[in-house]
Each structure stands twice: as structure tokens, then as C-alpha cells.
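First the structure, in the form of C-alpha cells, and then the observations on it.
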Amino acid sequence: MANWSDLQHDMLGFIAQHLDKIEDYVAFGAVCKSCRAAASEKNFKGLRPWQQVPCLTLSANDDFNRELYSLMEKQVVAKVSLPQLKGKKCYESLGWLLTIGQQGEISLLNPFYGVEVELPNQNTFPEYDLYEMDPDIFVRRMVLSSRPSRESLEDDDFVVMIICGGVGFLAFWRPKDLWWNRMETRNSSHADVIYTNGQFYSIDHMGNVVVCDVLEANPTDQARIIARFSPELWDNKELYLVKSSSTDDEHFLVVTRDNIPNYEDKKGFELDKPIYGTTEFQVFELVSTAGGEKEITSRWKEIKNLGSRSIFLGHSSSMCLENNKLAPGITPGHTYDAWAAYVEIPEGGGKDMGVYNLEKGVTAPLYDAPLRLSRTCPSLWITPNF
């Protein structure tokens, strides 16, 4: 059998140019180092990465590999060798992984090209000694403002924003920062964070929607409440903040999930392990807001039909895609859920995944394969990029 790595670079580039599916392109780049070099941005002739439906990165059966499951192909399309992830917790945004090691070491990793950026250790967070936690659960969410450059990271202007610590505070890092910066919001612990319209938006567990502009001269003072989600809508539910579409001028959505851990059975008896099992999602859109920050009131409209849109949720990044961005196999009007409840579950996260029909209130399996559970790196969505 011929060795792919022995083929000339021009020939490999020619082959790459005839692969128009991102899943095939990723699989091709995973064959060997020569193929990875040929699988460059200029050689890809299909839809751009940000127009692609995300792949599901399945939890590893071992410490060195991750499998990419394609919803379009309904099968595993590539196995990527990533020894850098051994024993590390992972979060995804824009195709990059934030990894956290057992000693609190933090990095940004492009899993398709092996580019890694070392970030300050988690012990550089302000007041870390007051909130010191297990690295496995210290970070809760992560989002990037833009894709880091693979060429000149030192000159990049991207920002990493995370939710972290026992009290769920916001913190951010920019290239050349020597430590993590805390965003002082003075509100409840934060549930989710997104980046849109040139700013970060977060929702906390009291329903406050906060905007953070980290490009200001003193960004730690630039967080303010812009909307408030009604308590009757979020009580005893998990909250997600999702950009409503790919265009910059549209509003964000708030998604609720009814899957808060239940430590009692139906008869009220206390259980040793919590019961998980999502039975409903609700989607809301902000209609109007009035009043000052301390007495702000907001009006929300429940969306019971997503129309041409589909929502992707997970323990890392979440997104909403329009029908013209969807591939065969992706059904509009559905929520694709890869949430990972792993803190209280000894065997790890990955149990509660599925496809939810928002209009009919019916849930179907996310994929037809055995569950992949992991306490360190549960399955998550990832958008392949160059």
C-alpha cells in the first residue's frame, strides 16, 4: 500500500481541492503531517468554516484520540490524535479548545493544526486563594471574541472570556496579559456568556443579562445590566444565552432547560445520586427593556416555533444556525443538545444528550451509537477551522 506522506505536496494539494465537505477535509488532514500541511484554507473549496454545521467531538475511549461525529453523514468521519488533551478538561469556541490541566495550566489549542497558545495558570485569577477549586470544575464556560491567528498570536486582538470559580464570576485574558482579569459585575453567579456585536454578553442565575466591553481603557468597570429575565421563567432551570442568527444586527435568545439535578424521587425520598433527564426546552426573545439598571424591567416573548433555525447547545459554546446554513440531516426547528452533566455523576458527563422538537415537545437520540461518558472531557460541539 502506498504511503500518503510520500506523495508530492502539489499532488496532495490537488486532492485537497476536490474535497468540498468539511468532514472529509478534516479526515484528510488527519492522515499524516503532509496531508495536514496540504489541508490549508486556500485549498478548501467548500463552504467556509463559520458556515458549517458543527461536528460532535465524542469523548475519548483513550487519552490520545478524539472522534468527530458528523450529523450530516451520521457517522464518525475522522479520528484526530491529540496527546495534548491527556487528562485535561476542554471547552470549545470558534474551532479552538481551551484546555485545563490538573495543575491549573491553561492553553488554547487548535486541534486540527496542533497550534497551542499557553495562557496564564488558573492561580493567576484575582482572589484565586479565596475560591481555589479543583481544575476539573474551576472553569464553566469559555468564548472567544475572534479566531486567533496561527501566524502572529502576539499581535492578535482576540479576547478569551470565561465563567469560573466557585461563585461563577467573569474573567478575561488578552494576548500579552500576564494574568487573568476579573470582570466586576456585582451580580449573581453567571450561567452563560456569548460574543456578538463587538461585545460580550452574559446571563447570570438571577436572570440578569449583562454586557461587557473589554476594549475600554478600564474594562473591569465596563459591565452593566441591560435586561432582566423574569424569575417565573428561569426558576429552577438552566439558562443559555444564544446569538439568534449569523447576522450581527439580530437579538440574542435565552434558552431554558428544566434539567436542574433532582435529589428526591417522585415520593419525596432523598437519593444518593441526582436524577437527570431533560424533558423541556423553552426559547425566549427580548422584546423591550425599560427603567434604570437597578430597577430595569424587560418584556420577553416565548418562541414556540424556530422556523428555519436550529439551536446547538452544550457545556461549552452554543449557537443558532439559519436554514440556509444547514446541511442535510439537520432539521430546522430543533434543539441539538450535547449538554454534559458530570460534576455529580461518577462515570462522567454525556448521558443527557438528544434532539428536541421545540414545537412538539418530543426528544429523539442525538446519534445512534453507545454513550461516551467522561469526567474530564465530555462530548462537545466543534466547528472545524483552518
Side-chain angles (χ1 to χ4, degrees), residues 54 141 143 163 187-197 199-211 225-262 276-291 293 295-315 317-326 330-339 341 352-364 366 381:
R141 290 284 197 278
V143 64
I163 299 175
N187 300 312
S188 172
S189 62
H190 291 266
D192 203 2
V193 60
I194 62 172
Y195 182 83
T196 182
N197 295 329
Q199 294 177 313
F200 289 94
Y201 293 81
S202 177
I203 186 169
D204 65 27
H205 286 98
M206 296 296 289
N208 297 308
V209 179
V210 177
V211 61
I225 298 175
I226 61 167
R228 183 163 285 135
F229 202 53
S230 304
E232 62 269 19
L233 300 179
W234 57 256
D235 186 37
N236 204 33
K237 294 185 179 182
E238 190 72 25
L239 296 174
Y240 298 88
L241 203 57
V242 182
K243 185 179 176 182
S244 63
S245 77
S246 59
T247 57
D248 288 337
D249 58 349
E250 292 196 68
H251 296 298
F252 51 77
L253 304 174
V254 173
V255 182
T256 67
R257 147 206 297 284
D258 67 346
N259 193 21
I260 296 296
N262 187 358
Y276 285 93
T278 300
T279 57
E280 183 185 41
F281 290 93
Q282 289 179 283
V283 181
F284 298 88
E285 184 176 43
L286 178 63
V287 176
S288 62
T289 294
E293 183 171 341
E295 298 182 357
I296 196 168
T297 58
S298 304
R299 190 163 64 92
W300 299 83
K301 180 180 70 174
E302 182 176 2
I303 299 174
K304 296 187 177 181
N305 189 330
L306 288 172
S308 63
R309 295 173 292 184
S310 288
I311 293 176
F312 293 79
L313 300 176
H315 81 281
S317 58
S318 301
M319 65 201 77
C320 181
L321 298 180
E322 293 285 351
N323 186 46
N324 61 350
K325 300 290 193 300
L326 299 181
I330 307 300
T331 308
H334 287 63
T335 296
Y336 289 78
D337 177 35
W339 185 67
D352 197 18
M353 299 196 297
V355 183
Y356 183 79
N357 185 319
L358 189 65
E359 189 173 12
K360 296 181 179 180
V362 178
T363 302
L366 183 58
W381 299 114

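Computed from a predicted structure; not experimentally measured.
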**OP:** Nearest 0.5 Å please: distance from the NE2 atom of His334 over to the CD atom of Glu359.
**Re:** 9.5 Å
What are the two closest non-hydrogen atoms of [X] and [Y], and how far apart are they?
{"X": "Met206", "Y": "Asp204", "value": "N-OD1, 2.9 Å"}
{"X": "Asp258", "Y": "Lys237", "value": "CA-CG, 4.2 Å"}
{"X": "Lys243", "Y": "Ile194", "value": "N-CD1, 3.9 Å"}
{"X": "Val210", "Y": "His190", "value": "CG2-CE1, 4.4 Å"}
{"X": "Pro332", "Y": "Gly307", "value": "CB-O, 3.5 Å"}
{"X": "Ser310", "Y": "Gly333", "value": "OG-N, 3.7 Å"}

Mind checking side chain to side chain donor-acceptor pair (under 3.5 Å) for [X] and listing every partner two or more places apart, or none if nothing turns up?
{"X": "Ser318", "result": "none"}
{"X": "Tyr201", "result": "Gln199"}
{"X": "Thr289", "result": "Ser298"}
{"X": "Glu302", "result": "Gln282"}

Original post:
Among all residues two or more places apart in sequence or in another chain, which pass the ring pair (Phe, Tyr, Trp, His ring centres under 6.0 Å) test with Phe229?
Top reply: Phe284, Trp300
Original post:
Given Ile203 and Phe252, is the side-chain contact (heavy atoms from CB on, under 4.5 Å) satisfied, shown in steps?
Top reply: CA-CA 11 Å; Ile203 186 169; Phe252 51 77; over 6 Å; no
**OP:** For Tyr336 and Thr331, run side-chain contact (heavy atoms from CB on, under 4.5 Å): C-alpha distance rounded to whole Å, both residues' side-chain angles, the deciding distance at 0.1 Å, then the answer.
**Re:** CA-CA 9 Å; Tyr336 289 78; Thr331 308; 3.7 Å; yes
Original post:
With Val287, which residues qualify under side-chain contact (heavy atoms from CB on, under 4.5 Å), at least two apart?
Top reply: Arg299, Lys301
**OP:** Output all residues satisfying side-chain contact (heavy atoms from CB on, under 4.5 Å) with Val283, sequence neighbours left out; order by chain, then residue number.
**Re:** Leu253, Val255, Ile303, Leu306, Ile311, Leu358
Original post:
Between Val355 and Asp337, does a side-chain contact (heavy atoms from CB on, under 4.5 Å) hold up when you go through it step by step?
Top reply: CA-CA 6 Å; Val355 183; Asp337 177 35; over 6 Å; no
Subject >> Arg257 side chain to Glu238 backbone, donor-acceptor under 3.5 Å >> reply: no
**OP:** Mind running side-chain contact (heavy atoms from CB on, under 4.5 Å) on Glu280 and Tyr356 for me, showing each step along the way?
**Re:** CA-CA 8 Å; Glu280 183 185 41; Tyr356 183 79; 3.6 Å; yes
Original post:
By salt bridge (Lys or Arg N to Asp or Glu O under 4.0 Å), which residues pair with Asp192, not counting sequence neighbours?
Top reply: Arg141
